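Predicted model, so just to flag it, every value in this text is computed and none were measured. Order of appearance sets the numbers: ligands from 1, and atoms from 1 within every ligand.
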Amino acid sequence: MTLHATEPAAATDAVLDREETISRDELEALQLSRLQHTVAYAYDRVPLYKRKFDEHGVHPTDLRELADLGKFPFTTKEDLRLEYPFGMFAVPQHEVARIHASSGTTGRATVVGYTKKDLADWAKLVARSLRASGVRPGMKVHNAYGYGLFTGGMGAHAGAEALGCTVIPISGGQTERQITLIQDFKPDAILATPTYLLTIADAMMKQGIDPASTSLKYAVLGAEPWTEEMRHELEVTMNIKACDIYGLSEVMGPGVAGEAVETQDGSHIWEDHFRPEIIDAFDPTKVLGDGEHGELVFTSLTKEALPIIRYRTKDLTRLLPGTARPAHRRMGRITGRSDDMIILRGVNLFPSQIEEIALRIPELSPHFQLELTRPEGQRMDQLTVKIERRESVTVEGVASAAKVLQQQIKIHVGSSCTVSVVEPGSLERSNGKLRRIYDMRPKA
Ligand code: DLL
């Protein structure tokens with residue numbers, strides 16, 4: 001195996017999993033048999049599912065075709081919290097090979113478990129995602145997703161190993177050290193959240209290192225919403241190809257979906273393991289068609305330790321036809337999470353909309369945060385966009401850029417806001433998933 005920097009491999013040279021190349025008909029037949037098994041397995045083994053199916057008046061034998069899935073009840077984060085810690089597990093504890101959990105910052109942690117087979121499937125799907133995004137066996141992979149209970153670090157690690165890469169398990173944080181190791185170890189690919197990669201690029205520039213001059217050629221980015229504008233920013237600044245990877249702990253972790261480098265048109269959902277649906281977030285009885293925007297819902301098809309039926313992700317997106325992997329549908333970019341939506345004087349707004357608009361204004365940097373306040377004595381909420389100027393911009397340039405941003409937000413989002421352009425380096429930098437919204441309104 002060569003430890004020299006590898007030339008980027010052509011996107012078509014990879015050997016794909018058989019399931020990546022099967023026809024849609026074959027895939028749907030596989031989904032149906034796996035789905036029938038999963039609902040029966042969950043009903044028999046997890047009391048919560050038995051209770052919910054019974055209350056809902058459905059039985060696993062009611063699932064005769066894929067569309068019948070819509071008859072089954074949803075599972076929510078709240079269900080996992082109520083069953084804390086191990087109530088959702090479908091296997092005895094000694095068969096659980098690993099546990100991960102959400103941080104629990106917004107409530108009780110949600111705990112997920114994996115059998116040995118689940119871990120092998122997970123690694124296979126992350127490997128598939130990385131390969132789709134341009135990573136090849138023998139490449140050095142710098143893994144800056146956080147290790148620990150968060151699924152990002154260990155999930156990405158196992159996938160890169162399964163693909164046959166040399167993994168550098170640096171985890172998140174310690175940015176100076178990350179930069180030293182990137183320079184010394186010369187990795188081909190980096191795995192990180194988009195905002196953390198931005199932090200690394202920014203810190204390189206501060207040290208006088210041109211981020212475009214490193215050995216990195218590929219980045220596989222996820223765990224938080226990001227836009228095409230951010231992709232462009234990172235690709236140009238770092239001279240890399242940046243692809244998306246999507247996932248969530250309750251469904252598996254990273255690798256539920258991955259993007260192909262040759263098309264860069266959204267992540268393909270690995271539908272041999274997960275059946276996606278889009279529902280109307282406000283009227284969940286409505287299952288929407290492909291192309292329609294709504295909330296993403298997943299049912300696992302192969303999981304043993306934690307089968308998950310119709311899990312409401314709160315992620316807002318739409319399903320699109322497969323391209324690079326024709327049988328597997330793609331998901332559009334996640335515009336946001338339904339619980340991250342700012343409702344400002346009746347107008348719905350997501351941080352990604354601000355990112356999209358701000359990054360089209362050359363004087364402004366991608367470093368911004370949104371502050372929500374309700375000034376004393378007023379009933380109206382106020383939004384302030386704090387955004388750093390680019391280093392090269394003059395004071396006059398900043399004033400007009402602020403005005404443009406304010407106008408564009410008014411035109412495209414419909415909200416009036418205040419824009420405050422701040423000094424480069426003055427806003428908090430990401431170490432992983434970046435917090436964009438600071439809600440300072442008095443609690444009701
Ligand atoms: O963030 C898993 C992951 C790790 C995915 C590393 C990709 C890379 P959770 O901590 O459970 O798991 O958070 C899941 O993060 O419901 C989305 O809201 C968001 N998210 C994950 N990937 C993307 C993405 C991991 N590519 C939640 N684009 C999900 C937008 C994403 N949002």
Side-chain angles (χ1 to χ4, degrees), residues 75-77 80-81 99-107 109-112 114 122-123 125-126 128-130 132-133 135 141 143-160 171-172 189-197 219-228 230-231 234 242-259 264-270 274 276 281 295-298 306 308 311-318 330-341 350-353 355-356 430-437:
T75 308
T76 62
K77 202 176 188 77
L80 272 84
R81 284 192 176 133
I99 284 167
H100 281 283
S102 72
S103 60
T105 43
T106 56
T110 48
V111 179
V112 295
Y114 306 79
W122 184 14
L125 292 181
V126 173
R128 190 191 281 180
S129 306
L130 297 179
S133 302
V135 183
V141 173
N143 184 17
Y145 285 119
Y147 282 64
L149 286 171
F150 172 53
T151 53
M154 293 188 74
H157 181 112
S171 191
I190 185 162
L191 317 180
T193 63
T195 56
Y196 189 55
L197 189 56
V220 188
L221 311 175
E224 61 182 2
W226 58 305
T227 58
E228 281 306 312
M230 181 69 101
R231 184 194 325 253
L234 289 167
C243 285
D244 183 61
I245 184 165
Y246 169 85
L248 63 165
S249 345
E250 294 85 354
V251 174
M252 183 178 76
V256 171
E259 189 173 42
Q264 289 192 309
D265 56 358
S267 283
H268 281 87
I269 297 167
W270 304 126
F274 310 100
E295 178 181 340
L296 189 55
V297 169
F298 279 110
L306 194 113
I308 195 104
Y311 184 72
R312 288 189 63 172
T313 64
K314 299 197 172 166
D315 290 327
L316 302 175
T317 183
R318 61 190 177 137
R330 286 167 301 141
M331 48 195 277
R333 278 217 182 263
I334 303 228
T335 37
R337 293 178 55 79
S338 53
D339 50 7
D340 245 7
M341 188 170 77
F350 290 103
S352 61
Q353 292 173 289
E355 180 177 297
E356 200 175 305
S430 166
N431 258 333
K433 290 181 193 253
L434 179 64
R435 177 171 163 207
R436 291 273 193 211
I437 303 170

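- With sequence neighbours excluded, no residue satisfies salt bridge (Lys or Arg N to Asp or Glu O under 4.0 Å) with Arg435.
- Atoms of ligand 1 lying under 4.0 Å from any heavy atom of Tyr145, numbered from 1 in the order shown and given with element: 6 (C), 8 (C).
- For the side chain to side chain contact (heavy atoms under 4.5 Å, CB included) with Thr313, the qualifying choice from Leu248, Ile334, Val297 is Leu248, the only one to do so.
- Taking distance alone, with nitrogen or oxygen atoms compared against 3.5 Å, Lys433 approaches ligand 1 more closely than that limit.
- For the residue pair Val220 and Ser133, the shortest heavy atom distance occurs at CG2-CB, 3.8 Å.
- Taking atom 11 (O) of ligand 1 as the reference point, the nearest protein heavy-atom neighbour is Ser249 OG, 2.4 Å.
- Short contacts between ligand 1 and Thr151, defined as distances under 4.0 Å to a heavy atom of the residue, involve ligand atoms 2 (C), 12 (O).
- Where the criterion is an N or O separation shorter than 3.5 Å, residue side chain and backbone included, Leu221 fails it with respect to ligand 1.
- Lys433 places a side-chain N or O within donor-acceptor distance of the main-chain N or O of Ala223, the cut-off being under 3.5 Å.
- The proximity of Asp315 to ligand 1, defined as any non-hydrogen pair under 4.0 Å, is limited to the side chain.
- Screening Val251, Thr317, Val256 against Leu296 for a side chain to side chain contact (heavy atoms under 4.5 Å, CB included) leaves a single residue, Thr317.
- If you check each of Glu224, Met252, Lys314, Glu259 against atom 32 (N) of ligand 1, the one with the closest non-hydrogen atom is Glu224.
- Atoms of ligand 1 lying under 4.0 Å from any heavy atom of Gly152, numbered from 1 in the order shown and given with element: 4 (C), 6 (C).
- When hydrogens are left out, the protein atom nearest atom 25 (C) of ligand 1 is Gly247 O, 3.6 Å; that is the closest non-hydrogen contact.
- Counting the atoms of ligand 1 from 1 in the order shown, those under 4.0 Å from a heavy atom of Phe150 are 1 (O), 4 (C), 10 (O), 25 (C).
- Thr335 and Ser352 form no side-chain donor-acceptor contact under 3.5 Å, judged by distance and modelled atom types alone.
- Heavy-atom distances between Pro225 and ligand 1 reach below 4.0 Å in at least one pair.
- Checking side-chain atoms of Glu355 against main-chain N and O of Thr227 turns up a donor-acceptor pair under 3.5 Å.
- Aromatic ring pairs are classed by plane angle as parallel below 30°, tilted from 30° to 60° and perpendicular above 60°; the pair His100 and Tyr114 is perpendicular.
- Residues Ser338 and Glu295 have side chains that never bring a donor and an acceptor to within less than 3.5 angstrom of each other.
- Interface atoms of ligand 1 facing Pro254, defined by a heavy-atom separation under 4.0 Å, are 2 (C), 3 (C), 4 (C), 5 (C), 6 (C), 7 (C), 8 (C).
- Trp226 contributes no side-chain N or O that, together with a main-chain N or O of Arg333, makes up a donor-acceptor pair within less than 3.5 Å.
- Ranking the protein heavy atoms by distance from atom 19 (C) of ligand 1 puts Ala223 O, 3.7 Å first.
- Heavy atoms of Arg333 come nearer than 4.0 angstrom to ligand 1 in no pair at all.
- Residue contacts with ligand 1: Trp226 is placed with no nitrogen or oxygen under 3.5 Å of a nitrogen or oxygen of the ligand (distance criterion only).
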